[in-house]
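Here is the structure we will look at.
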Amino acid sequence: MSRYTIDSEGFYGEFGGAFIPEMLVPNIQELQENYENIINSEAFKKEFISLLKNYVGRPSPLYYANNLSTHYNTTIFLKREDVNHTGSHKVNNTIGQVLIAKHLGKKYIIAETGAGQHGVATATVCALMNIKCKVFMGAKDVERQSSNYNRMNMLGAEVIPVTSGSKTLKDATNEALRYWIANPNAYYLIGSAIGPHPYPDMVTKLQSVIGDEIKQQLTNEYQQNKPNYVIACVGGGSNAAGSFYSFLEDEDVKLIGAEAHGKGEETGKSAATLNLGKKGVIHGCMTYLMQNKDGQIKEPYSISAGLDYPGIGPLHAHLYRTNRAQYIPVSDKEALKAAYFLTQKEGIIPALESAHALGVLEKLSFKKKDIVVVTLSGKGDKDIETYIKNSVK
Amino acid sequence: MNNKLTQLLSTKQKDILTLYFTAGFPKLESTISILKGLDSTDVDIIEVGIPFTDPVADGPVIQKSNTVALKNGITLPLLFKQLQEVNISKPIVLMGYFNQFLQFGAEQFCTQCKAANVSGLIIPDLPIAYFNTHYKELFDSNNLHNHYLITPQTSDERIREIDNISTSFIYAVADNSITGNTKDFNDAQVAYFKRIAMLKLKSPIQFGFGIYNNATFSKVCQYGHGGIIGSSFIKALEKGNSITDFVKNIRG
């Protein structure tokens, strides 16, 4: 067993596990006992790979960013998850999990969403596979991300605005869990590498197609053995987990996560969980989380709605604790600047989330011959208003 | 010192009434007056909820009481201080989520419980296996009971396992739901109550979730040893209703 994979109880070192009330035990156990067999079955693989290819448009390009490379005096590749159908990496996971739900004989899907990217990806795949879905979305996010709210409705999902707590992603997750407790026949499709075991491992494996492709494309298209750096943004951490997974054992590949640092530590408005949080339990797993000294969970802040989650996937907590990966805080301002820079240099408008990963390029110094891969997790169409409002000259 | 809950359960086997309230609700200092008020009624066990920002197993009524209590400024150190200020004759059980227990520090938490004369804990998101490995000894050495939940989904086999390791009552969740339902029991629920009764467990059974009046309380007492009432008591407290009258109505 590798030091970066889960043990039989679903722990990565001291992080992970399944801290769930007894009401959820049968559902979680069913998933724990079956997910690996399903994922490894020929029937699943065939369907999953075919949908990723023909429906999502994979493999996504590994694009050599010449202008960016010249500017930073190094070799930069962008892993283009933004060109996936629905506009982000989220769809890799939703296709996989809807297939798993079908294998388990589940009749309908529930999901939580923050910015709405996971909600849209879920609603899309449920429409495709003709399965009912209910998406929980914080009432505040419904307002902030009305276009995604409308897309989900058009796709036939029932979107439930959540008015409890702070009316954002963490409350949408609470409400989805409560609904699941009351409706154990549903399948809960978690959108990131978070939650009780087996979700972090299952989501990581479904997203690992990102890193696998990076590896193959570097070899086949660019005759490079492996990258020196893999950089991805981290909220819950699914695109980063998927990007890192294939390189965990290559200890000389530096893995860098970009955490959203909002307006900075001194303002108290940040979402940099590993840099500012403490170990604890949130949404069924032991990890780092933003909390006060009484263990009350804090509402994080980031300009990017996809990164303002108070916890982080347990794999990242483990990679951080063991120093296998480094997590660098990137502020709103730095992310905005990086987004404008990419747009003007390469003609690609990144999602605000992905812009945080690009922000890291300013903070590290690379050698000319370094191979730097940045995962562009999503496209920026949903963020245009924010970009216009906060334009960077 | 004897554990009051152990004493109670060894002498009383039926119609055990537990009332739940949220500490620091509706007012910060309400904890004390509610404890005193309950102590003068014929309630058997007092369950005190530790307010949390993210109470996943709780319905809207208890969620709201948590939010208000946190706004009022309740914290764990303050709650322990309140508990130590009063001398309550009835057994007290604290209910809270695992993260608070973890942040306060397990050892300090248990020591404070002992000092405040708390008999046991209910931590719904602390799995049994994890508890046994990490905290069982600590609980034993502080004379504290841990309470396990079972639900309509729990298999007979697992219920028996839980019964074997339980040192106090088993919290039988009466409904496939979160707290705060107010409707009559359906056939599936009654079948589940019967299933539990047929297992003839060694541990007393306290049914909770969806018990809110004399009828529902009496019904679960036919199959188990008692019932736990939370949301409807919180509603009564919010309205400023008399605690004595509330208990009288439940007892019928």
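In what follows, chains carry the letters A, B, and so on, assigned in the order in which the sequence lines appear, proteins first and then strands, with residues in each chain numbered from 1.
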For atom CD of A/Glu143, is the number of surrounding heavy atoms from other residues, nucleotides or ligands below 6.0 Å larger than 12? no
Examine whether an atom of B/Phe98 lies under 4.5 Å from a heavy atom of chain A, and if so say whether it belongs to the side chain, the backbone or both; otherwise answer neither. side chain
For the atom pair CD (B/Gln63) and CZ (A/Arg178), what is the distance rounded to the nearest 0.5 Å? 3.5 Å
Sort A/Leu24 into side chain, backbone, both or neither according to what part of it lies under 4.5 angstrom from a heavy atom of chain B. neither
Quick check: are there more than 12 heavy atoms from other residues, nucleotides or ligands sitting under 6.0 Å from CG of B/Asp187? no
Considering only heavy atoms, which portion of B/Phe209 lies under 4.5 Å from any heavy atom of chain A: side chain, backbone, both, or neither? side chain
Any residues in residues 192-203 of chain A near chain B, with a heavy-atom distance under 4.5 Å, and which are they? none
What part of A/Lys298 gets within 4.5 angstrom of chain B, counting heavy atoms only: side chain, backbone, both, or neither? neither
Under a 4.5 Å cutoff for heavy-atom pairs, which residue among B/Thr75, B/Val56, B/Val173, B/Leu149 has the most contacts with chain A? B/Val56
Taking A/Lys279's backbone N and O only, do any of them form a donor-acceptor pair with B/Gln103's side chain (distance below 3.5 Å, no angle check)? yes
With chain A, which of B/Ile150, B/Asn66, B/Leu126, B/Leu70 has the greatest number of heavy-atom pairs at distances under 4.5 Å? B/Leu70
B/Lys200 NZ: over 12 foreign heavy atoms closer than 6.0 Å: no
Evaluate whether atom CD of B/Gln84 has more than 12 neighbouring non-hydrogen atoms of other residues, nucleotides or ligands under 6.0 angstrom away. yes
At a 4.5 Å cut-off on heavy atoms, which part of B/Pro77 comes close to chain A: side chain, backbone, both, or neither? side chain
So, the part of B/Leu102 with a heavy atom under 4.5 Å from chain A: the answer is side chain
Look up atom CD1 in B/Ile50 and atom CG in A/Asp294, then write down how far apart they are to the nearest 0.5 Å. 11.0 Å
Measure distances from A/Glu299 to the heavy atoms of chain B and classify the residue's part below 4.5 Å as side chain, backbone, both or neither. neither
Atom NZ of A/Lys102 with >12 non-hydrogen neighbours under 6.0 angstrom: yes
NE2 on A/His283 to CG on B/Asp54, rounded to 0.5 Å: 5.5 Å
With under 30° as parallel and over 60° as perpendicular, where do the rings of A/Phe11 and B/Tyr130 fit, or are they tilted in between? parallel
At what distance, to the nearest 0.5 angstrom, does OG1 of B/Thr53 lie from CG of A/Asn292? 8.0 Å
Step by step, work out the side-chain contact (heavy atoms from CB on, under 4.5 Å) result for A/Ile181 and B/Thr151. CA-CA 10 Å; A/Ile181 288 172; B/Thr151 80; over 6 Å; no
Give, for atom CG of A/Asn174 and atom CG of B/Asp58, the distance between the pair rounded to the nearest 0.5 Å. 11.0 Å
Within 6.0 angstrom of A/Lys278 NZ, more than 12 heavy atoms from elsewhere: yes
Heavy-atom count around B/Glu137 CD within 6.0 Å, excluding the residue itself: above 12? no
Any idea which heavy atoms bring B/Phe52 and A/Gly295 closest together, and the distance? CE1-O, 3.3 Å
Atom pair CG/CD of B/Asn99 and A/Gln296 - distance to nearest 0.5 Å: 8.5 Å
